[in-house]
Colleague: 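Pasting a structure here, questions to come.
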Amino acid sequence: MNMPVDTLTDPIAGHAHAILAHIGEDPRRPGLAETPKRFAAALRALTAGYETEPEDVIGRGVFDAEGEGLVLVRDVEFHSLCEHHLLPFFGRVHVAYLPGERIIGLSKIPRLVELYARRLQVQERITEQVADALMKLIEPKGVVVLAEARHLCMAMRGVEKQHSTTATRALRGVYAHDAMARQEVLSMIRKA
């Protein structure tokens, strides 16, 4: 686990200062004088997921299952940084699982998403990591994770397509092998 960094001596601030100078800005001008320190604090907050593991996020939020019905948490908002360009991507994740012997507290699912989103990422990996964490932590009969996001690396640079979205999904257990079960849960996710 990383130790807290003093924002006055954070080495990231020094690098941000140098970047500003390298792009032709004066990092000492009033509008930018505090920017390196603010950038360092923001980057540390946006990558705080490296300081925590799924077990820490879940804590005591695992309980005995009291039924066999599907659990679905829809529209979990997330923001992350693309590891290729350090630009934001953001969207929503839908997480469904079919309980085995244990269930997880509903608030723990958004916390898992947040944990992985607060790392330098690609959307495909977040989707897989959330599914794998649920499989490991509660051993359900199946998991579906569907993520939909907009990537500023596509909107602000490169192809510059402002309205494109990307969808990724991860299937585990029964949902990876049973087309009818998979179709049922995907249909539930799509209902608004």
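For the single chain, residues carry numbers from 1 onward in sequence order.
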Colleague: For the CZ atom of Arg157 and the CG atom of Leu152, what is their distance to the nearest 0.5 Å?
Modeller: 11.5 Å
Colleague: Pair Arg74, Lys191 - check side chain to side chain contact (heavy atoms under 4.5 Å, CB included), show working.
Modeller: CA-CA 10 Å; Arg74 211 177 6 226; Lys191 290 181 182 176; 4.1 Å; yes
Colleague: Distance-only, no hydrogens or angles: does the Ser80 side chain make a donor-acceptor pair with backbone N or O of Ala117 under 3.5 Å?
Modeller: yes
Colleague: Tell me, do Lys108 and Leu137 make a side-chain contact under 4.5 Å, heavy atoms counted?
Modeller: no
Colleague: Could you state whether Val76 and Ile189 fall into the same hydrophobic cluster, counting links through intermediate Ile, Leu, Val, Met, Phe, Trp or Tyr residues with side-chain heavy atoms under 4.5 angstrom apart?
Modeller: no
Colleague: Under 4.5 Å between side-chain heavy atoms, counting indirect links through other Ile/Leu/Val/Met/Phe/Trp/Tyr residues: same cluster for Val93 and Ile58 or not?
Modeller: yes
Colleague: Just do the side chain to side chain contact (heavy atoms under 4.5 Å, CB included) check on Leu81 and Leu43 with the steps written out, would you?
Modeller: CA-CA 9 Å; Leu81 290 175; Leu43 187 58; 3.8 Å; yes
Colleague: Name the orientation class of the two ring planes belonging to His151 and Phe89 (parallel below 30°, tilted from 30 to 60°, perpendicular beyond 60°).
Modeller: parallel
Colleague: Given 3.5 Å as the limit, does a donor-acceptor pair link the side chain of Glu139 with the main chain of Gly100, or not?
Modeller: no
Colleague: Between Arg119 and Arg125, is there a side-chain heavy-atom distance shorter than 4.5 Å?
Modeller: no
Colleague: Decide if atom CD of Glu83 counts as having more than 12 heavy atoms of other residues, nucleotides or ligands within a radius under 6.0 Å.
Modeller: yes
Colleague: From Ser107 OG over to Leu112 CG, what is the distance, rounded to the nearest 0.5 angstrom?
Modeller: 10.0 Å
Colleague: Between Thr47 and Leu120, is there a side-chain heavy-atom distance shorter than 4.5 Å?
Modeller: yes
Colleague: So which atom in Ala181 and which in Val174 form the shortest heavy-atom distance, rounded to 0.1 Å?
Modeller: CB-CG2, 4.4 Å
Colleague: Of all the heavy-atom pairs spanning Asp26 and Leu32, show the shortest one and how long it is.
Modeller: O-CD1, 3.7 Å
Colleague: Spell out, as yes or no, whether a donor-acceptor pair under 3.5 Å connects the side chain of Arg118 to the backbone of Ala48.
Modeller: no
Colleague: Report the distance from atom OG1 of Thr165 to atom CE of Met154, rounding to the nearest 0.5 Å.
Modeller: 8.5 Å
Colleague: Could you walk me through whether Arg190 and Ser187 pass the side-chain hydrogen bond (donor to acceptor under 3.5 Å, both in side chains) check?
Modeller: CA-CA 5 Å; Arg190 289 185 187 109; Ser187 174; over 6 Å; no
Colleague: Ion pair present between Lys136 and Glu55, side-chain N to carboxylate O less than 4.0 angstrom?
Modeller: yes
Colleague: Going from CE on Met156 to CG on Leu87, what distance comes out if it is rounded to the nearest 0.5 angstrom?
Modeller: 6.0 Å
Colleague: Shortest non-hydrogen contact from Leu98 to Gly69?
Modeller: CD1-C, 4.1 Å
Colleague: For residues Leu86 and Leu46: do they belong to one hydrophobic cluster (side chain heavy atoms under 4.5 Å, members Ile, Leu, Val, Met, Phe, Trp, Tyr)?
Modeller: yes
Colleague: Would you check if Tyr97 and Ile104 make a side-chain contact, meaning some heavy-atom pair closer than 4.5 Å?
Modeller: yes
Colleague: For residues Leu106 and Val71, determine if any side-chain heavy atom of one lies less than 4.5 Å from a side-chain heavy atom of the other.
Modeller: yes
Colleague: Just grab all the salt bridge (charged side-chain N to carboxylate O under 4.0 Å, His left out) pairs involving residues 140-153, residues at least two apart or on different chains.
Modeller: Arg92-Glu148
Colleague: Should Leu146 and Val130 be regarded as members of a common hydrophobic cluster, given that ILVMFWY residues are connected when their side-chain heavy atoms come within less than 4.5 Å of each other, either directly or indirectly?
Modeller: no
Colleague: Going by the side chain to side chain donor-acceptor pair (under 3.5 Å) test, name the single residue among Arg169, Gln123, Arg172 that passes it with Glu128.
Modeller: Arg172
Colleague: Let me check something: do Ile138 and Leu70 share a hydrophobic cluster, defined by ILVMFWY side-chain heavy atoms less than 4.5 Å apart, either directly or through other members?
Modeller: no
Colleague: Give the minimum heavy-atom separation between Tyr175 and Val143, together with the two atoms involved.
Modeller: CD1-N, 3.4 Å
Colleague: Given side chain to side chain contact (heavy atoms under 4.5 Å, CB included), test Val113 with Val145 step by step and report yes or no.
Modeller: CA-CA 10 Å; Val113 171; Val145 178; over 6 Å; no
Colleague: Compare every heavy atom of Gly67 with every heavy atom of Pro99, then report the nearest pair and how far apart it is.
Modeller: CB-O, 4.3 Å
Colleague: Please lay out, stage by stage, how Gln121 and Gln129 fare under the test side chain to side chain contact (heavy atoms under 4.5 Å, CB included).
Modeller: CA-CA 11 Å; Gln121 277 289 11; Gln129 287 174 323; 2.7 Å; yes
Colleague: Are Cys82 and Val122 packed together at the side-chain level, in the sense that at least one heavy-atom pair is separated by less than 4.5 angstrom?
Modeller: no
Colleague: What distance separates Phe63 CZ from Ile103 CD1, expressed to the nearest 0.5 Å?
Modeller: 7.0 Å
Colleague: Under 6.0 Å from the CZ atom of Arg182, do we count more than 12 heavy atoms belonging to anything else shown?
Modeller: yes
Colleague: Between Cys153 and His85, which heavy-atom pair has the shortest distance, and what is it?
Modeller: CB-ND1, 3.4 Å
Colleague: Got a second to check how far Leu134's CG is from Ile109's CD1, nearest 0.5 Å?
Modeller: 5.5 Å
